[in-house]
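Here is the structure we will look at.
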2 protein chains.
Amino acid sequence: MGRGKVELKRIENQTSRQVTFSKRKNGILKKAYELSLLCDAEVAMIIFSSSGKVYQFATDDDLVFHFNGCRMDRIIARYRNEVGLLHSNHKRFRTLESWKSEIEELQKSIDIMEARLRHFCGEDISTMGIKELKQLERQLRVGVDRIRSKKVSNLYTTAA
Amino acid sequence: MGRGKVELKRIENQTSRQVTFSKRKNGILKKAYELSLLCDAEVAMIIFSSSGKVYQFATDDDLVFHFNGCRMDRIIARYRNEVGLLHSNHKRFRTLESWKSEIEELQKSIDIMEARLRHFCGEDISTMGIKELKQLERQLRVGVDRIRSKKVSNLYTTAA
DNA sequence: CACTCTATATATAAACC
DNA sequence: TGGTTTATATATAGAGT
């Protein structure tokens with residue numbers, strides 16, 4: 001919308017990315033407000049800019065100062081209920097450091113797995129060398145083969 | 001937008017409220033996707049229709065992790081860290097609950113990613129149906145193709 | 001950055017299937 | 001619910017301040 005058409009990909013120029021973010025953020029927050037008001041829907045939205053700032057909207061948060069997130073927690077709670085995520089808890093006594101380090105550990109594993117998943121999808125492979133690429137391809141082939149044979153056996157099972 | 005101008009208040013006619021909801025929901029989900037993609041932002045959105053159905057968007061959910069809300073929990077966790085706690089009485093000290101819930105959310109993401117990684121390797125696929133298997137195979141093929149072309153271009157680069 | 005100004009691109013209301 | 005069409009309302013890209 002506007003003078004030029006935009007490609008649907010990350011805007012490389014940092015300045016215009018920032019400007020576009022600011023404009024579109026306002027636009028979408030307004031849309032969220034309108035949707036909730038017009039259609040009597042419960043809407044929650046959380047936005048982190050690439051620089052790390054957070055913006056939010058939640059239904060029935062005060063319109064003028066809608067940065068307090070009063071209802072956010074309730075909507076999130078409702079979401080968890082619907083989607084079915086149950087939390088059990090134990091481990092009462094721990095130090096701050098132990099919590100932090102566990103979180104760091106988990107985050108690290110997540111980063112590694114994300115990279116691996118991307119590689120499996122053929123993304124972010126520009127940094128990989130020939131050797132790694134070959135290994136990855138081999139692994140993908142193994143996956144394809146296993147799936148093929150699984151499909152075949154499924155067909156037989158289904159047909160019977 | 002459209003033939004008539006709309007008042008900013010709850011649409012009383014139930015049918016048109018429903019129709020408007022459906023259209024605007026699609027619109028805003030698209031906007032959320034564009035915002036995250038164009039501006040490299042992390043975006044999470046939860047929408048409950050007045051009839052109680054839930055719809056959602058979370059950055060990257062539809063890419064590698066096209067599973068319902070794999071990233072949602074992590075965005076919520078990040079939100080809770082950076083904002084949610086500012087509005088409670090404990091501004092500076094995180095509660096035990098907040099540590100635990102963040103860890104649980106990270107752990108959950110890890111579980112999902114582990115399962116997905118195994119599938120990519122053709123493991124643990126005995127529970128998958130034909131449809132899922134086909135989809136997985138397609139994704140693996142995309143990966144293989146991308147790697148092939150990358151290998152080819154690498155050879156040229158290396159040769160030069 | 002926040003805001004202004006326009007030309008254009010999009011979203012969508014209304015009506016009908 | 002989903003699509004289609006069309007006229008109109010909005011959003012916003014690009015450029016400037």
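Naming convention: chains lettered A, B, ... in sequence-line order (proteins, then strands); numbering from 1 in each chain.
- Atoms OG and NZ, from A:Ser50 and A:Lys53 in turn, are 11.0 Å apart once rounded to the nearest 0.5 Å.
- Per the geometry, CG belonging to B:Leu35 stands 15 Å off P belonging to D:dA11, to the nearest Å.
- By the criterion of side-chain heavy atoms lying less than 4.5 angstrom apart, applied directly or through intervening Ile, Leu, Val, Met, Phe, Trp or Tyr residues, A:Val19 is not grouped with A:Phe21; the two fall into different hydrophobic clusters.
- Note on the helix from C:dA2-D:dT17 to C:dC17-D:dG2: terminal axis deviation equals 50°, with five pairs used at each end and the result rounded to 10°.
- The OG1 atom of A:Thr59 sits 5.5 Å away from atom CD of A:Glu42, with the distance rounded to the nearest 0.5 Å.
- The CZ-P distance, from B:Phe21 to C:dT12, rounds to 12 Å in whole Å.
- In this structure, CZ of B:Arg17 is placed 18 Å from P of C:dT12, rounded to the nearest angstrom.
- Atom CG in A:Asn26 sits roughly 8 Å away from atom P in C:dA2 (whole-Å rounding).
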Completion exercise
In B/S/- notation (B base, S sugar-phosphate only, - none; protein heavy atoms under 4.0 Å), nucleotides 2-10 of chain D written 5' to 3' is ----BBBBS

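- Salt bridge B:Glu34/A:Arg24: present, at least one basic N to carboxylate O contact under 4.0 Å.
- Both A:Leu29 and B:Leu29 are assigned to one and the same hydrophobic cluster, defined by single-linkage of ILVMFWY side chains at heavy-atom distances under 4.5 Å.
- In this structure, the CD atom of B:Gln18 is 18 Å from the P atom of C:dA15, given to the nearest Å.
- Atom CD in B:Glu7 sits roughly 18 Å away from atom P in C:dT12 (whole-Å rounding).
- The side chain of B:Thr20 contributes an N or O atom lying less than 4.0 Å from OP1 or OP2 of C:dA13.
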Handout entry: Verdict with reasoning, A:Glu12 to A:Arg17, per side-chain contact (heavy atoms from CB on, under 4.5 Å)
Key = CA-CA 7 Å; A:Glu12 290 307 331; A:Arg17 173 151 39 94; 5.7 Å; no

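- For the pair A:Arg24 CZ and C:dC1 C1', the computed distance is 19 Å after rounding to whole Å.
- Taking atom CG of residue A:Leu8 and atom P of nucleotide D:dT12, one finds them 13 Å apart after rounding to whole Å.
- With hydrogens and angles disregarded, a donor-acceptor distance shorter than 3.5 Å links the side chain of B:Thr20 to the backbone of B:Ser16.
- B:Leu38 and B:Leu35 are members of different hydrophobic clusters when ILVMFWY side chains are connected at heavy-atom separations under 4.5 Å.
- Minimum interatomic distance between A:Leu37 and B:Leu8 (heavy atoms only, all atoms of both residues): CD2-O, 3.2 Å.
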